[in-house]
Amino acid sequence: MRILSIDYGKKRTGIAVTDPLQIIANGLATVSTSELFDFLKAYVVSEPVERIVIGKPMQPDGQPSENFQRVEEFVRRWRKNVPEIPIEYFDERFTSVMAHQVMIDAGVRKKVRRENKGLVDEISATIILQGYMESRRQRHF
């Protein structure tokens with residue numbers, strides 16, 4: 001079964017997913033946040049998903065960011081409507097900064113980075129998922 005991760009944004013949301021063996025995290029899509037719930041419900045019907053990991057938006061000092069309330073509302077809605085697939089938080093601090101650096105390191109031009117903001121969201125979701133997978137590995141050793 002796959003693990004899916006979400007980088008929840010006010011307008012756009014990045015989504016990443018593991019392979020069925022949960023070895024590799026890959027970007028899946030960037031969707032309009034207003035369409036996220038329906039997108040995920042359709043996805044979990046077509047692909048077996050063990051759990052969802054959603055970035056917990058925090059400020060550098062550990063306080064919740066302005067987006068935290070929207071994320072909490074989404075989590076409550078998911079848990080109420082799809083309780084068979086657990087959703088859990090994972091610290092997302094600095095993932096957007098890391099995503100921009102990944103794009104720079106990969107040679108993505110400044111114009112493309114500026115115009116394709118959805119790519120940053122998808123890469124951020126992938127970074128969240130990789131971090132989550134790494135933390136699980138460390139707990140098992």
Side-chain angles (χ1 to χ4, degrees), residues 1-140:
M1 295 182 85
R2 298 176 189 271
I3 300 173
L4 188 138
S5 70
I6 300 170
D7 179 38
Y8 192 96
K10 186 175 180 178
K11 296 179 184 176
R12 291 176 320 276
T13 296
I15 304 168
V17 68
T18 66
D19 62 290
L21 297 175
Q22 299 180 7
I23 298 170
I24 299 170
N26 288 301
L28 178 65
T30 300
V31 299
S32 169
T33 299
S34 63
E35 299 169 5
L36 175 63
F37 193 84
D38 292 335
F39 177 91
L40 291 178
K41 280 190 73 172
Y43 185 83
V44 301
V45 167
S46 66
E47 292 288 337
V49 173
E50 173 185 306
R51 72 183 54 250
I52 295 175
V53 178
I54 190 165
K56 185 175 186 179
M58 306 294 282
Q59 296 176 11
D61 66 1
Q63 295 297 311
S65 76
E66 68 173 75
N67 198 36
F68 185 68
Q69 185 173 353
R70 287 186 286 271
V71 171
E72 276 191 311
E73 288 171 14
F74 177 83
V75 168
R76 279 193 296 273
R77 181 178 177 203
W78 184 264
R79 287 177 175 160
K80 179 181 178 184
N81 291 284
V82 193
E84 64 275 12
I85 300 176
I87 186 168
E88 62 184 275
Y89 292 105
F90 190 77
D91 189 346
E92 71 170 24
R93 280 180 281 187
F94 310 113
T95 55
S96 293
V97 172
M98 292 167 63
H100 279 286
Q101 190 60 50
V102 166
M103 293 172 70
I104 290 167
D105 293 347
V108 177
R109 291 190 178 137
K110 190 173 188 175
K111 181 179 178 187
V112 173
R113 293 194 311 264
R114 196 173 36 243
E115 292 174 356
N116 191 352
K117 295 181 189 312
L119 184 56
V120 173
D121 300 324
E122 193 173 316
I123 293 170
S124 292
T126 305
I127 292 169
I128 290 167
L129 187 52
Q130 287 173 329
Y132 175 80
M133 291 167 49
E134 182 61 30
S135 73
R136 278 182 49 171
R137 278 188 217 107
Q138 289 176 354
R139 283 183 280 190
H140 292 335

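Ser5 contributes no side-chain N or O that, together with a main-chain N or O of Val53, makes up a donor-acceptor pair within less than 3.5 Å.
Here the CG atom belonging to Leu129 is positioned 6.5 Å from the CD1 atom belonging to Ile3, to the nearest 0.5 angstrom. With values rounded to the nearest 0.5 angstrom, Lys56 atom NZ is found 11.5 Å from Ile54 atom CD1. The OG1 atom of Thr13 sits 12.0 Å away from the CD atom of Glu122 when rounded to the nearest 0.5 Å. To the nearest 0.5 Å, atoms CG (Asn67) and NZ (Lys10) are separated by 9.0 Å. A distance of 9.0 Å separates CD1 of Ile85 from CG of Leu4, quoted to the nearest 0.5 Å. Note that CD1 of Ile128 is 4.5 Å distant from CG of Asp7, once rounded to the nearest 0.5 Å.
With sequence neighbours excluded, the residues forming a salt bridge (Lys or Arg N to Asp or Glu O under 4.0 Å) with Glu134 are Arg137, listed by chain and number. Residues satisfying the salt bridge (Lys or Arg N to Asp or Glu O under 4.0 Å) criterion with Arg77, sequence neighbours excluded, are absent altogether. Legend: residues meeting ring pair (Phe, Tyr, Trp, His ring centres under 6.0 Å) with Tyr43, ordered by chain and number and at least two apart, are absent.
Between Ile87 and Arg79 the shortest heavy-atom distance is O-NH2, 2.8 Å. Taking every heavy atom of both residues into account, Ala25 and Thr126 meet most closely at O-CG2, 3.7 Å. Across every non-hydrogen atom of Ile24 and Asn26, the tightest pair is CG2-ND2, 3.7 Å. Of all heavy-atom pairs between Ser135 and Phe90, the closest is OG-CE1, 3.7 Å. Closest non-hydrogen pair, Met1 versus Thr18, comes out as O-OG1, 4.5 Å.
Within the structure, every pair that satisfies the salt bridge (charged side-chain N to carboxylate O under 4.0 Å, His left out) test and touches residues 62-72, not counting sequence neighbours, is listed here: Glu66-Arg70. Sorted by first and then second residue, the salt bridge (charged side-chain N to carboxylate O under 4.0 Å, His left out) pairs with a member in residues 39-52 read Arg2-Glu47, Glu50-Arg136, Arg51-Glu88; sequence neighbours excluded. Pairs engaging residues 6-33 under the ring pair (Phe, Tyr, Trp, His ring centres under 6.0 Å) rule: Tyr8-Phe74 [sequence neighbours left out].
Aromatic ring orientation, Trp78 versus Phe37: perpendicular (interplanar angle above 60°, classes split at 30° and 60°).
By the 4.5 Å heavy-atom criterion applied to side chains, Val17 and Val49 are not counted as neighbours.
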